[in-house]
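Structure, as structure tokens:
Since the structure is predicted, the reported quantities are computational estimates derived from the model, not experimental observations.
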Amino acid sequence: MTSQIKTVFLLALLTGLMLLIGQAAGGRAGLMIALILAVAMNFVSYWWSDRIVLSMYRAQELSRSDAPWLHAIVEELAHNAGIPKPRICLIPQEAPNAFATGRNPENAVVAVTAGIMRTLSPEELRGVLAHELGHVKNRDILIQSVAAVLGAAIMSIANMLQWGAMFGFGRRDDEEGGGGGALGAIALAIIAPIAAMLIQMAISRSREFLADETGAKICGRPLDLASALNRLETAARNVPLEGSPVAENLFIVNPFSGGDMANLFSTHPPIPERIARLRELAQRMGRQDRA
């Protein structure tokens, strides 16, 4: 419940930031433009984001005859989660990773790379698939799509505000003639996108923790997922994923991870912290299947 409350708070903060910068850009008119832009972008993201990301990584749907054992695992886990069985797609890359997409559980897709099926044991892969179904069950794809769209709207409005302030459009100087209004607009145009990015990343990290917990309960073996995360972190550094980082928040581990300095700007929580939480959950569940 803590993660859910945190997500609602962060989304409200992101929305407030968008309205603030929209009003700064053009008063009431700017506020309305910001709202219209956000609604339009949300509509596109809601209906077509899954097709876009699957196409981006050249994912191909796997039929039951292509991988009957994989379909059997996903079917069992979906039953445990109380959601419809999602479609399964294969990403033809050696980098071991996986993600879920789709606007709702009825239209969900779980995508796995060819590398993850060769890297993980069946038990570890089951833990990863349970994590992805946790995202589907918690409707994280919709939440993160909304966050991404709000962030993109803020970036667009900030860009307009910055150029408008620089050329004196839409803002009046202070009566004292100091030009503080323009300087304030430029400062807001710089700070708002950075704040929006940090809020988006905080939302993504919060949903990853929740998906770990939900997935561990779905598969019933938290330490299998912990073992998979440990193995995937090392593999992700050695075999980077080919593609745009625009959808990196969807993957179970960051496929474009950098060094320690990048942790603040990571869409994923630190793997050691995720593993520690899974170990605590295993103790509470009385499961000690792995060392």
Side-chain angles (χ1 to χ4, degrees), residues 3-4 7-8 11 14 38-93 97-114 116-117 125-153 200 203-204 206-208 210-215 217-219 241 243-244 246-253 255 267-268:
S3 294
Q4 300 280 31
T7 299
V8 171
L11 282 173
L14 196 59
V39 169
M41 294 177 72
N42 268 305
F43 179 82
V44 173
S45 177
Y46 180 80
W47 287 101
W48 292 293
S49 61
D50 55 339
R51 300 180 191 177
I52 294 171
V53 72
L54 290 171
S55 175
M56 186 185 303
Y57 292 102
R58 295 184 292 113
Q60 299 295 322
E61 186 168 357
L62 288 175
S63 67
R64 188 177 290 272
S65 60
D66 292 327
W69 60 275
L70 189 60
H71 276 266
I73 293 174
V74 173
E75 189 168 26
E76 175 213 345
L77 294 173
H79 179 266
N80 293 347
I83 59 175
K85 176 180 171 292
R87 292 185 293 131
I88 305 172
C89 286
L90 178 68
I91 301 172
Q93 292 201 39
N97 225 312
F99 69 82
T101 186
R103 61 184 181 271
N104 53 39
E106 290 72 29
N107 294 276
V109 180
V110 171
V112 296
T113 64
I116 199 172
M117 293 195 288
L125 182 59
R126 185 172 178 271
V128 167
L129 293 170
H131 168 97
E132 298 307 332
L133 291 184
H135 277 307
V136 175
K137 182 178 178 67
N138 296 331
R139 296 181 180 267
D140 288 336
I141 293 89
L142 176 60
I143 291 170
Q144 294 193 22
S145 294
V146 170
V149 165
L150 290 175
Q200 283 180 260
I203 291 173
S204 179
S206 178
R207 305 314 291 186
E208 286 301 318
L210 185 59
D212 283 345
E213 180 179 351
T214 304
K217 292 177 179 178
I218 290 173
C219 71
L241 190 76
S244 170
V246 69
E248 68 181 60
N249 62 305
L250 293 179
F251 289 88
I252 187 169
V253 297
T267 55
H268 293 66

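Using a 4.5 Å heavy-atom cutoff, the side chains of Q60 and P92 are not in contact. With a 4.5 Å cut-off on side-chain heavy atoms, V110 and L129 count as touching. For the pair D66 and I88, the minimum side-chain heavy-atom distance is 4.5 Å or more.
Taking CG of D140 as the start and OG of S206 as the end, the distance is 8.5 Å to the nearest 0.5 Å. Within the model, atoms CZ of R207 and CG of D212 stand 12.0 Å from one another, a figure rounded to the nearest 0.5 Å. Note that NE2 of H131 is 4.0 Å distant from CD1 of I252, once rounded to the nearest 0.5 Å. L241 contributes atom CG, which lies 7.5 Å from atom OG1 of T113 (distance to the nearest 0.5 angstrom). Atom-to-atom distance recorded for M117:CE and L70:CG is 6.0 Å, nearest 0.5 angstrom.
In this structure, A98 and V112 approach most closely via the heavy-atom pair CB-CG1, 4.0 Å. Nearest heavy atoms, L90 versus A114: CD1-N, 3.6 Å. The minimum heavy-atom distance linking A111 with L54 is given by the pair CB-CD2, 4.3 Å.
Checked by atom type, the side-chain pair T214/N138 shows a donor-acceptor distance below 3.5 Å.
For residues 75-84, the salt bridge (Lys or Arg N to Asp or Glu O under 4.0 Å) pairs, not counting sequence neighbours, are R64-E75, E76-R126.
Under a 3.5 Å cut-off, the side chain of N97 and the backbone N or O of I116 do not form any donor-acceptor pair. Checked by atom type and distance alone, the side chain of E132 pairs as donor or acceptor with a backbone atom of A100 at under 3.5 Å.
Note: F99 and Y57 have tilted aromatic rings, judged against thresholds of 30 and 60 degrees for the angle between ring planes.
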List the atom pairs, with distances to 0.1 Å, where a side-chain N or O of residues 77-87 and a protein N or O form a donor-acceptor pair under 3.5 Å, not counting sequence neighbours.
residue	atom	partner	partner atom	Å
N80	ND2	I218	O	3.1
K85	NZ	H71	ND1	2.8
R87	NH1	E61	OE1	3.3

